[in-house]
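A short worksheet on the structure shown next.
All figures in this text were calculated on a predicted structure; none of them were measured in a lab.
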Amino acid sequence: MEGSTTYVTAKDGFEVILSKTDCELVIEAEDQASGQTFSAKLPNDTIKSMTQDFFENIPEFFEGLVTAFEGISEDTKVRVKQEGRLLFTQKLKIGKHEKVFNFSIPLKIVEVDPISRLEKQVKKLWKEVEGLKKENQQLDE
């Protein structure tokens, strides 16, 4: 039993959270401007067909997404679209020939309680303020 792993990043104006367990990958993307949240839960048995046979299972897909988000490979890219789609692109080169594979993952809009969203925003602001306080202390020293 592998357990769960979470990866958080910012991309295209969204805060993206990838959460993987042994049997499910959850993708959440919150638009930082509007506060809209999009989400998709992908069970292991749908990964192969959803990624057009590019990834076999959740661990492979999770690793591929992290690689794309971190920009580790110039040939692997991911974008988050405003309408709630995650677009994965992989460029393969064989000699002079180049082939681009891509697929999109539709994310469904999540109705978030306004109070919960406000609490989350306040927590985020609090973390930023704490970070700025630490930076100021370091500059003062």
Side-chain angles (χ1 to χ4, degrees), residues 1-139 141:
M1 188 89 167
E2 183 179 314
S4 66
T5 305
T6 301
Y7 173 80
V8 180
T9 190
K11 181 74 174 170
D12 301 323
F14 285 83
E15 178 184 62
V16 180
I17 302 170
L18 306 176
S19 303
K20 119 181 137 82
T21 64
D22 292 335
C23 56
E24 185 175 68
L25 174 66
V26 177
I27 302 170
E28 291 181 35
E30 181 184 337
D31 186 330
Q32 296 300 284
S34 70
Q36 275 190 315
T37 301
F38 300 90
S39 180
K41 291 183 181 182
L42 310 173
N44 200 39
D45 59 353
T46 64
I47 297 297
K48 192 171 179 177
S49 64
M50 184 168 280
T51 65
Q52 300 172 2
D53 293 330
F54 205 77
F55 295 103
E56 294 284 324
N57 53 40
I58 288 172
E60 280 184 15
F61 188 36
F62 182 84
E63 186 177 323
L65 286 172
V66 170
T67 297
F69 277 116
E70 299 211 344
I72 294 170
S73 168
E74 290 181 16
D75 297 328
T76 307
K77 300 203 181 316
V78 69
R79 293 199 53 210
V80 184
K81 301 287 201 154
Q82 289 304 118
E83 66 274 7
R85 281 187 313 122
L86 191 88
L87 181 61
F88 185 92
T89 305
Q90 177 67 48
K91 192 184 306 180
L92 296 176
K93 297 176 189 174
I94 302 172
K96 295 179 184 176
H97 301 285
E98 191 174 283
K99 174 79 174 162
V100 177
F101 294 92
N102 60 40
F103 56 86
S104 85
I105 308 263
L107 306 174
K108 294 180 182 170
I109 194 160
V110 176
E111 294 298 324
V112 179
D113 176 37
I115 299 292
S116 297
R117 187 167 70 197
L118 186 60
E119 286 175 353
K120 189 174 180 181
Q121 289 173 332
V122 167
K123 286 179 185 178
K124 233 186 243 183
L125 284 173
W126 183 255
K127 284 182 183 179
E128 287 181 30
V129 167
E130 290 298 313
L132 290 172
K133 282 182 183 177
K134 287 180 184 177
E135 284 180 29
N136 278 340
Q137 285 176 345
Q138 290 173 349
L139 290 173
E141 294 173 0

Using 0.5 Å steps for rounding, measure from the CG atom of Asp75 to the OG1 atom of Thr67.
12.0 Å
Between Asp12 and Val80 (side chain of the first, backbone of the second, donor and acceptor by atom type, cut-off under 3.5 Å), is there such a pair?
yes
Using 30° and 60° as the class limits, which term best fits the ring planes of Phe55 and Phe103: parallel, tilted or perpendicular?
perpendicular
A side-chain contact here means heavy atoms from C-beta on lying under 4.5 Å apart; do Phe14 and Leu107 qualify?
no
Answer whether the closest heavy-atom distance between the side chains of Leu65 and Leu25 falls below 4.5 Å.
yes
Is the NZ atom of Lys48 crowded by more than 12 outside heavy atoms at less than 6.0 Å?
no
Using every non-hydrogen atom in the two residues, find where Gln52 and Asn102 come nearest and quote the distance to one decimal.
OE1-O, 3.4 Å
Thr6 meets the side chain to side chain contact (heavy atoms under 4.5 Å, CB included) criterion, sequence neighbours left out, with Val8, Ile17, Ser19
Where Ser39 and Val110 come nearest, the two heavy atoms and their spacing
CB-CG2, 3.5 Å
Pairwise side-chain contact, Glu119 with Val122, heavy-atom cut-off 4.5 Å (strictly under)
no
Of all heavy-atom pairs between Ile58 and Pro43, which one has the smallest distance, and what is that distance?
CD1-C, 4.3 Å
Partner set under salt bridge (Lys or Arg N to Asp or Glu O under 4.0 Å) for Lys133, not counting sequence neighbours
Glu130
May I ask you to say whether Arg85 pairs ionically with Glu83, meaning some side-chain N is under 4.0 Å from a carboxylate O?
yes
Heavy-atom closest pair, residues Gln82 and Phe38
O-CZ, 3.8 Å
Show the atom names and distances, to 0.1 Å, of all donor-acceptor pairs under 3.5 Å that link a side chain in residues 86-99 to residues at least two apart or in another chain.
unit_1: Gln90; atom_1: OE1; unit_2: Thr76; atom_2: OG1; d: 2.5
unit_1: Gln90; atom_1: NE2; unit_2: Thr76; atom_2: OG1; d: 3.4

State, to 0.1 Å, how close Ala40 and Pro106 come at their nearest heavy-atom pair, and which atoms those are.
CB-O, 3.8 Å
Under 3.5 Å, side chain of Thr46 to main-chain N/O of Leu42, donor-acceptor pair present?
no
Within a strict 4.5 Å, meaning less than it, do heavy atoms of the Asn44 and Asn57 side chains meet?
yes
Looking at CG of Leu18 and CD of Glu28, how far apart are the two atoms once the value is rounded to the nearest 0.5 Å?
9.5 Å
State whether the number of non-hydrogen atoms from other residues, nucleotides or ligands found under 6.0 Å of Gln32 atom CD is greater than 12.
yes
Look at atom NZ of Lys124 and say whether more than 12 heavy atoms of other residues, nucleotides or ligands are closer to it than 6.0 Å.
yes
